[in-house]
Amino acid sequence: MRVSSSKIQSQLVSVFRAWGMSEAHADTTAEMMVETDLRGVDSHGISMLPTYDQEFRNGRLNMRPAFKTVRDAAAMALIDADASLGHPVSVYAMNLAVDKCLKSGVAVVSVVNSHHFGAAGCYSKIAADRGVIGMVTASTRGVALVPTFAAEPVMGTNPLAFAAPARRNAPFQLDMATTTVAAGKVKVYKLNHKPLPSGWVVDGQGRPVTDETEAFAHVFERPEGGISPVGGTRDMGSHKGYGLAVMVHILGGVLSGASFSPIRNRTQKPSDPHNIGHFFMAIDPKAFRGEGEFENDLDQVIDTLHGAKRADPNQPVMVAGDPEMITRRERLEAGVPVPDDLMEQLRGVASRASVPFVLA
């Protein structure tokens, strides 16, 4: 079923307000989640609401946070999110990094004591829309990535996003998990009763798992098996994806003082906040180049890539961000697809929150 973005926004806001979230934070969180769905990142938009509902009812989410500036200097800041859902603090932190970089050239804002923040690319785009380069990483609450040569998951899907402004073209927007696929996408395949491509998920012996129910169990329920790093196998360069995942955690988790999932799972109580960390970097091109020079050069790069000879005449060569913007235009017109299984889960969330169900 297709649902308009305005209906999704309305449903999300009503649930968040019922949970006690402020109007401003509810609007921001819903806006980021809707934008995620519009971009086609179905694993991190409204499909996350049942998970957030469970976290809220388990006492892990603070719906009335008071963000605290722990450290502050001209080109950096460390923000304590007060155990809140990650979307509002991430919008605040990315904009703060941009504000600082416009004065200092480069700035980094780290966030600690946060929670899941959706799609990292939504925040790096904030920087690009304000005319600067943005880079975002985050630690994760899940343990899904099976390191190269390992038989059990140790790392998360550790996201990395990067956006840069052009002039004639849309911004370059890279948004990726450092695993072959995001854990949430395995959930989406299960919701749609669709087998997984071989190589996304492996069992405890390193064998590919394609059955969506079995794959979901290995990623979310069982101690053995999980998702392969970017590259899939050692021969195909999985050690590179594994290395990137560790780098992302160093920036998003270690730098801010956030928890590391394997250790947290052994030492924290089930009701303890997840203490996820985020990393937001902003770079002002005008600190390095004359006005407009960076954007013009990036336009030439993008034009050259778009103009590369096609392997398939009917398939244009794209750059990062192009597929998301195509999907966004289509979904603004036709609506966001919501699988039947997810629709029933969302109906349950609305019922538990005692708010009207407006999606169907």
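Without hydrogens or angle criteria, Ser90 side chain to Phe117 main chain gives no donor-acceptor distance under 3.5 Å. A donor-acceptor contact shorter than 3.5 Å is absent between the side chain of Thr28 and the backbone of Pro88. Between the side chain of Glu293 and the main chain of Gly290, a donor-acceptor pair closer than 3.5 Å is present. Between the side chain of Asp82 and the backbone N or O of Pro65, no donor-acceptor pair lies under 3.5 Å. Under the 3.5 Å distance criterion, the side-chain polar atoms of Asp203 are matched with a main-chain donor or acceptor of Gln205. For Ser261 (side chain) and Thr140 (main-chain N/O), a donor-acceptor pair under 3.5 Å exists by modelled atom type. Checked by atom type and distance alone, the side chain of Asp299 pairs as donor or acceptor with a backbone atom of Arg167 at under 3.5 Å. Judged by distance alone, the side chain of Glu224 and the main-chain N or O of Glu152 form no donor-acceptor pair under 3.5 Å.
For the residue pair Thr148/Ser238, the side-chain donor-acceptor check at 3.5 Å is satisfied. Side chain to side chain, His306 and Asp322 meet the donor-acceptor criterion of an N or O pair below 3.5 Å. Looking only at atom types and distance, the side chain of Asp341 has a donor-acceptor partner in the side chain of His193 under 3.5 Å away. Counting only N and O atoms by type, the side chains of Gln54 and Arg60 include no donor and acceptor under 3.5 Å apart. Under 3.5 Å, the side chains of Asn113 and Asp80 contain a donor-acceptor pair of N or O atoms. Thr179 and Thr157 are not linked by any side-chain donor-acceptor pair at a separation below 3.5 angstrom, with hydrogens and angles left out of the test. A side-chain N or O of Ser114 and one of His278 form a donor-acceptor pair less than 3.5 Å apart. Side chains of Asn296 and Arg168: a donor-acceptor N/O pair is absent below 3.5 angstrom, by distance only.
Checked options Val108, Leu174, Leu251; the residue passing with Met135 is Leu251 (criterion: side chain to side chain contact (heavy atoms under 4.5 Å, CB included)). Evaluated for a side chain to side chain contact (heavy atoms under 4.5 Å, CB included) with Phe279, the options Ile250, Val109, Val254, Leu255 yield exactly one hit, Leu255.
For His87 and Phe16, the ring centers are positioned 6.0 Å apart or more. Between Tyr189 and Trp200, the gap from one ring centroid to the other is short of 6.0 Å.
When all heavy atoms are compared, the tightest approach of Ala282 to Val132 is CB-CG2, 4.3 Å. In this structure, Val355 and Ser14 approach most closely via the heavy-atom pair CG1-O, 3.6 Å. Taking each heavy atom of Ala183 and Phe220 in turn, the nearest pair found is O-CZ, 3.4 Å.
Hydrophobic cluster membership of Met76, counting Ile, Leu, Val, Met, Phe, Trp and Tyr whose side-chain heavy atoms lie under 4.5 Å apart directly or via other members: none, as it forms a cluster of its own.
With sequence neighbours excluded, no residue satisfies side-chain hydrogen bond (donor to acceptor under 3.5 Å, both in side chains) with Asn58.
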